[in-house]
Amino acid sequence: MMIISFISQKGGVGRSTLARAAAVESIRSGASTHLGDLDSKQQTSAKWAERRDNAGIFPVVETGVYRRHDVVMKAANSYECLIVDTRPYADASSLDIARQSSLVVIATGTSVDDLEPSLLLGYELMHKGIPHNRLLYVVGKAPSLAEGRAAIETINSWNFICINNFLTFKAGYSITLDAGHAITETPWKTLNRRARNIVHDILARARQSGN
Ligand SMILES: Nc1ncnc2c1ncn2[C@@H]1O[C@H](COP(=O)(O)OP(=O)(O)OP(=O)(O)O)[C@@H](O)[C@H]1O
Ligand SMILES: [Mg+2]
């Protein structure tokens, strides 16, 4: 089973947004996929999947809420791909799931306030034994193109691997999520293209690092 976990130090940086899109695009690629929501308090991904079901949107995203990483792993055992959306403030459970992941995606914002803890999280994960090439940074919610590009430069200058593309902050994305769609399924072609490029890149890298 391929496991992709979405982790971040700070909240609200687009972790659940990327996880939901990764689940949808993985299903579209033909892989049986489970979306495990480890953020059992907020249940962002699970509630979104419920909105999606209620609106009758396809493909259906099979989702469960879990408090423990070992339980989500057991529950998803029969799937080809497990996408894990974690709690903010990467804690012990996030670390355990990161250890077992083919790819750990670290979502981050663009400001120094967001970037610094994200980069320190990368060091911490490496220190705890997660290989450098299994860590992938993704910049979500960039307020402008310049800030998105600058954030990628900073991440690269710390020698971490970063997707060479970023999400800009767009009302079109949040409206779409509210309606139960993923950010790759908006009514706008350019928004979809941008989101798909990023998510397909994440899936391709996860397959490469394989498990
Ligand atoms: N690129 C974007 N443009 C506009 N809105 C976005 C974008 N990405 C995410 N959002 C919105 O920002 C909010 C936070 O995003 P999300 O839930 O993905 O972050 P998170 O890191 O999982 O947060 P939390 O710490 O609460 O779990 C959501 O309301 C979502 O709809
Ligand atoms: Mg979340």
Side-chain angles (χ1 to χ4, degrees), residues 4-25 35-52 55 57 61 63-67 69 72 82-91 93-94 97-98 104-111 113-119 121-122 125 136-152 155 162-163 165-202:
I4 310 176
S5 52
F6 290 78
I7 286 181
S8 67
Q9 186 62 44
K10 299 198 74 171
V13 290
R15 192 176 51 249
S16 303
T17 296
L18 289 167
R20 289 174 280 185
V24 167
E25 295 304 312
L35 175 58
D37 192 343
L38 269 182
D39 190 353
S40 54
K41 276 215 176 107
Q42 295 198 81
Q43 305 189 3
T44 307
S45 285
K47 286 180 179 166
W48 166 82
E50 197 180 327
R51 293 200 296 281
R52 188 177 178 91
I57 300 167
V61 180
T63 307
V65 177
Y66 306 89
R67 268 173 302 136
H69 75 280
V72 68
L82 168 64
I83 307 281
V84 187
D85 181 16
T86 65
R87 293 185 269 276
Y89 314 116
D91 55 11
S93 83
S94 308
I97 200 79
V104 179
V105 178
I106 303 178
T108 181
T110 58
S111 65
D113 288 347
D114 282 347
L115 269 175
E116 219 175 66
S118 305
L119 293 163
L121 171 64
L125 292 174
L136 178 66
Y137 281 83
V138 181
V139 176
K141 299 175 84 172
S144 70
L145 297 179
E147 282 159 285
R149 285 191 205 106
I152 289 175
I155 295 164
C162 181
I163 290 209
N165 222 320
F166 53 87
L167 286 174
T168 41
F169 186 85
K170 295 276 182 196
Y173 284 136
S174 41
I175 292 167
T176 295
L177 287 163
D178 288 352
H181 288 96
I183 52 168
T184 53
E185 304 171 315
T186 78
W188 299 280
K189 273 189 190 159
T190 50
L191 292 192
N192 292 345
R193 199 182 312 126
R194 209 168 181 116
R196 278 186 194 145
N197 277 340
I198 290 171
V199 174
H200 291 177
D201 200 351
I202 292 172

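We count ligands from 1, going down the list as the structure has it; atoms in each ligand are counted the same way. Sequential numbering from 1 along the given sequence is applied to the chain's residues.
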Exercise. Taking it one step at a time, do N165 and R194 satisfy side-chain contact (heavy atoms from CB on, under 4.5 Å)?
Worked result: CA-CA 8 Å; N165 222 320; R194 209 168 181 116; 3.7 Å; yes

Return a table of N or O atom pairs, ligand 1 on one side and protein on the other, at distances under 3.5 Å, rounded to 0.1 Å.
unit_1: ligand 1; atom_1: 1 (N); unit_2: T168; atom_2: O; d: 3.0
unit_1: ligand 1; atom_1: 3 (N); unit_2: K170; atom_2: N; d: 2.9
unit_1: ligand 1; atom_1: 3 (N); unit_2: K170; atom_2: O; d: 3.2
unit_1: ligand 1; atom_1: 12 (O); unit_2: K141; atom_2: NZ; d: 3.1
unit_1: ligand 1; atom_1: 18 (O); unit_2: S16; atom_2: N; d: 3.4
unit_1: ligand 1; atom_1: 18 (O); unit_2: T17; atom_2: N; d: 2.8
unit_1: ligand 1; atom_1: 18 (O); unit_2: T17; atom_2: OG1; d: 2.5
unit_1: ligand 1; atom_1: 19 (O); unit_2: G14; atom_2: N; d: 3.1
unit_1: ligand 1; atom_1: 21 (O); unit_2: G12; atom_2: N; d: 3.3
unit_1: ligand 1; atom_1: 21 (O); unit_2: V13; atom_2: N; d: 3.0
unit_1: ligand 1; atom_1: 21 (O); unit_2: G14; atom_2: N; d: 3.1
unit_1: ligand 1; atom_1: 21 (O); unit_2: R15; atom_2: N; d: 3.0
unit_1: ligand 1; atom_1: 22 (O); unit_2: S16; atom_2: N; d: 2.9
unit_1: ligand 1; atom_1: 22 (O); unit_2: S16; atom_2: OG; d: 2.7
unit_1: ligand 1; atom_1: 23 (O); unit_2: G12; atom_2: N; d: 2.9
unit_1: ligand 1; atom_1: 25 (O); unit_2: G12; atom_2: N; d: 2.9
unit_1: ligand 1; atom_1: 25 (O); unit_2: R15; atom_2: NH2; d: 3.1
unit_1: ligand 1; atom_1: 26 (O); unit_2: Q42; atom_2: OE1; d: 3.4
unit_1: ligand 1; atom_1: 26 (O); unit_2: Q42; atom_2: NE2; d: 3.0
unit_1: ligand 1; atom_1: 27 (O); unit_2: R15; atom_2: NH2; d: 2.8
unit_1: ligand 1; atom_1: 27 (O); unit_2: Q42; atom_2: NE2; d: 3.3

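- The closest side-chain heavy-atom distance from T108 to V13 is not below 4.5 Å.
- With a 6.0 Å radius and a threshold of 12 heavy atoms from other residues, nucleotides or ligands, R67 has its CZ atom at or below the threshold.
- No option in R196, R193, E25 other than E25 meets the side chain to side chain donor-acceptor pair (under 3.5 Å) test with T184.
- By the 4.5 Å heavy-atom criterion applied to side chains, I155 and V139 are counted as neighbours.
- Among the backbone and side-chain atoms of S16, an N/O/S atom is found under 2.8 Å from the Mg ion (ligand 2).
- For the residue pair P117 and K10, the shortest heavy atom distance occurs at CG-CD, 3.9 Å.
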